[in-house]
Amino acid sequence: MQNKLVFVTLVAVIASYLEYLSQMKLGELFGILQNVKGSGLTIGKPAFKVFTYYGVLILVLPITRYSCSLEQSKLDGDRRQNLRSAAYKQIMQLDRKYHSHISSGQFKDAVDKALGLVTLFNSLLLDLIPRSITLAFASARLYSMYSPWVRLLMFCGFLLSMVLEHRSFSSAVPKAEKANRQYYIQESQQRNGLQGWRTVTNFSRKDDEVKQYQKEIHTWSELLESYYSTTSMFECLQNTMNHCLLLFAYYTIMCGVLKDSDQMDHFIAFKGLLFTLLGNTSFFASYPRTVVRTLFDANPLRKIMELRIEKDEGDTLKVTEGEIVYENVSFSYPGREKKVIDGLNLTIAGGSHVALLGPTGIGKSTVVNVLFREGELSNGVVKVDGKDITKVSKESLYYSLGLMEQMPVYFERSAREIIAYGKPHATDSEILEACRKACIDELIMSWADGLSTKIRKDTCSGGELQRIGLACVFLKKPAIMCIDEGTSAIDSITEACLRAHVAEFSSTLIVITHRLSNAVKMDRIVYFGDGCKILEDGKHEELLRLNGHYAKAWRINMGKERPDDLKKESR
Ligand SMILES: Nc1ncnc2c1ncn2[C@@H]1O[C@H](COP(=O)(O)OP(=O)(O)OP(=O)(O)O)[C@@H](O)[C@H]1O
Ligand SMILES: [Mg+2]
């Protein structure tokens, strides 16, 4: 890679130098021809010699440029690939807390925009370095060829060009920033509309969504227009100034040629060099703007790349019993003052099946989430088989845990790939056995492509997706399994069948459910109140005898009692 970079830069420098030489030779040739015309002599050897020299130069030039662009395109591909894979590696390794703030669309935008860095790097190798060298040669040559006035003129031109570019830069960059921000707004408007297309349709809001998008995109194009009008105005000013300088320079040289016709070759060479110089000066002057713009575009990815990846350090957790202990645990979500868990003390014996119940929003899922080390505890410790889970590697922790949530997120892959995700080399018979336990085997085998059928959220029912998710955790056979409303979309008969299979588990099992029928056969039911305070703890029959919160919830679940609010309303 390093050698290739040196090679490409060297070839670009050579190509640039050949271009400069060809201009000089052309000037020389015209000078000779002018002398021949004036003296009436036939075209002599020197003219042919210079012509051949010039011809060789301009024929070698495309070949040099070709070999340069060939290598450069390979390097370009490598660099793009490296940037994309480094960004993907980073985002995949980031902690859960970051993933809730960065959507896949935002990440893709950030990567796409940052690819400008690759182009910038190319222009550094293929433009900036070679052009600087050419500029140095051309300036030295001009310096030796012309009067101090012309030199001064060139210098002033360069300075003025820089000043103008600086002005253009300072007025254009804030506009570019605004346009960029608006770009993200219109993108997210479009993405939300597409992602939520069904919701938009069901609420008859298509026209509103389209109008809003049109409004955002209109604002974006207005901001872009304002940015481009500023930059083109300065470009026009720059060009006008350059042409004025050119006129002066030509005038001075013309006077020189009129006095001494030998200066004709200088005139032609000057013309070529001047264009090289003018092109280069505006390139150099605009380079800082290009750099800042590119860095600005790369900012979102830079921020992602700067996020700290926590090292997955700690001992390897080897779960034997599967005992879980919450010791005086307190937890609140960032930005929210309320403690969702406030001093929880709970021991779940290894291999036991426990149901966590309580009103909605009380913190049941949070109790499971802290077991997955989601967020930091404000107090206390969670232990698995006596080991503080913050002291073991996350990799080994997740290996021992299995989680099935209400809305399992699926990849758009085949049923086989999804179910075997937790056990990558599982055989089809193992997969089908897991499907049988999840009561989804018959359905999958009835599909034309069987296990090879691609699963998509919109082509499977909610209950089917949940059962596929269950098959996945069943196949993984984690030492500790958590099912958080994982059967909420499944009918009661299939759910009863599932319950029978789940009851066979020897692993520790935590079930969070609002359907109390799922808790009846559990070894233990824990009923949470505010702050995840344990209000009741025991078996189904014991809690019914207690006649407290659980018994009341049970009666309401069975339709034997009406909730208090409804009682008040009916009074
Ligand atoms: N990522 C989060 N950031 C901030 N607050 C959150 C987050 N997740 C949950 N909460 C809040 O924490 C509280 C407990 O949420 P949790 O999901 O644990 O409740 P739950 O008992 O599982 O409810 P449900 O029965 O409805 O599933 C709620 O008030 C919720 O709004
Ligand atoms: Mg929940």
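Counting begins at 1 with the first residue of the sequence. Scope of the values below: all heavy atoms of this structure, side chains included, with no hydrogens, waters or symmetry mates. Order of appearance sets the numbers: ligands from 1, and atoms from 1 within every ligand.
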- request: Any atoms of ligand 1 less than 4.0 Å from a non-hydrogen atom of G361? List them with their elements.
  value: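 Listed by number with element, the hits are 13 (C), 14 (C), 19 (O), 20 (P), 21 (O), 23 (O), 24 (P), 25 (O), 26 (O), 28 (C), 29 (O).
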Using a cut-off of 2.8 Å, count how many protein N, O or S atoms are strictly closer to the Mg ion (ligand 2).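 Step by step: take the Mg ion (ligand 2), keep protein N, O, S below 2.8 Å, and you get 1.
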* Test the R413-F411 pair against the cation-pi criterion, namely NZ or CZ under 6.0 angstrom from the six-membered ring centroid and within 45° of the ring axis. =>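 Yes.
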| request: Give the contacting part of K338 toward ligand 1: side chain, backbone, both or neither, where contact means a heavy-atom distance below 4.0 Å. | output: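 Near ligand 1, K338 shows nothing, with every heavy atom at 4.0 Å or more.
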* Asked: Which is it for E485 and ligand 1 at heavy atoms under 4.0 Å: side chain, backbone, both or neither?
  ->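 The answer is neither; E485 stays 4.0 Å or more away.
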Protein contact to [atom] [nearest heavy atom, distance to 0.1 Å]:
atom: atom 30 (C) of ligand 1; value: R336 NH1, 4.2 Å
atom: atom 8 (N) of ligand 1; value: Y333 CZ, 3.3 Å
atom: atom 26 (O) of ligand 1; value: T360 OG1, 2.4 Å
atom: atom 22 (O) of ligand 1; value: S365 OG, 2.7 Å
atom: atom 15 (O) of ligand 1; value: T366 OG1, 3.7 Å

If you look only at distance, which donor and acceptor atoms sit under 3.5 Å apart when one is on a side chain in residues 417-426 and the other is two or more places apart or in another chain?
from	atom 1	to	atom 2	distance (Å)
E417	OE1	S414	N	3.1
E417	OE1	S414	OG	3.1
K423	NZ	E430	OE2	2.6

Point to revise | Lys/Arg N to Asp/Glu carboxylate O, R80 vs D112, below 4.0 Å | key: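 Salt bridge absent between R80 and D112.
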Answer yes or no: is there a donor N or O on one side and an acceptor on the other, between the side chain of K175 and the main chain of E225, under 3.5 Å?
->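 Not confirmed, K175 side chain does not pair with E225 backbone.
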* Return yes if some donor-acceptor pair links the side-chain N/O of D491 with the main-chain N/O of T494 below 3.5 Å, else return no. =>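 Present.
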Just wondering, more than 12 heavy atoms not from K339 lying within 6.0 Å of its NZ?
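12 or below, so no.
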message: So, regarding V340 and ligand 1 (criterion: nitrogen or oxygen to nitrogen or oxygen, under 3.5 Å), is there a contact or not?
response: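 No.
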*Among K394, R373, R308, whose side-chain hydrogen bond (donor to acceptor under 3.5 Å, both in side chains) with D95 holds?*
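Going through the options one by one, the only one that passes is K394.
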Is it the case that the side chains of R79 and N122 hold a donor-acceptor pair, with the cut-off being a distance below 3.5 Å and no angle test?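 There is such a pair (donor and acceptor under 3.5 Å, judged by atom type) between the side chains of N122 and R79.
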- Would you tell me whether Q212 and E216 have side-chain atoms, one donor and one acceptor, within less than 3.5 Å of each other?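 Yes, because at least one side-chain N or O of Q212 sits under 3.5 Å from a partner of the opposite role on E216.
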Parallel, tilted or perpendicular, as decided by the 30° and 60° cut-offs, for the rings of H549 and Y527 =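 Aromatic pair Y527/H549 classed parallel.
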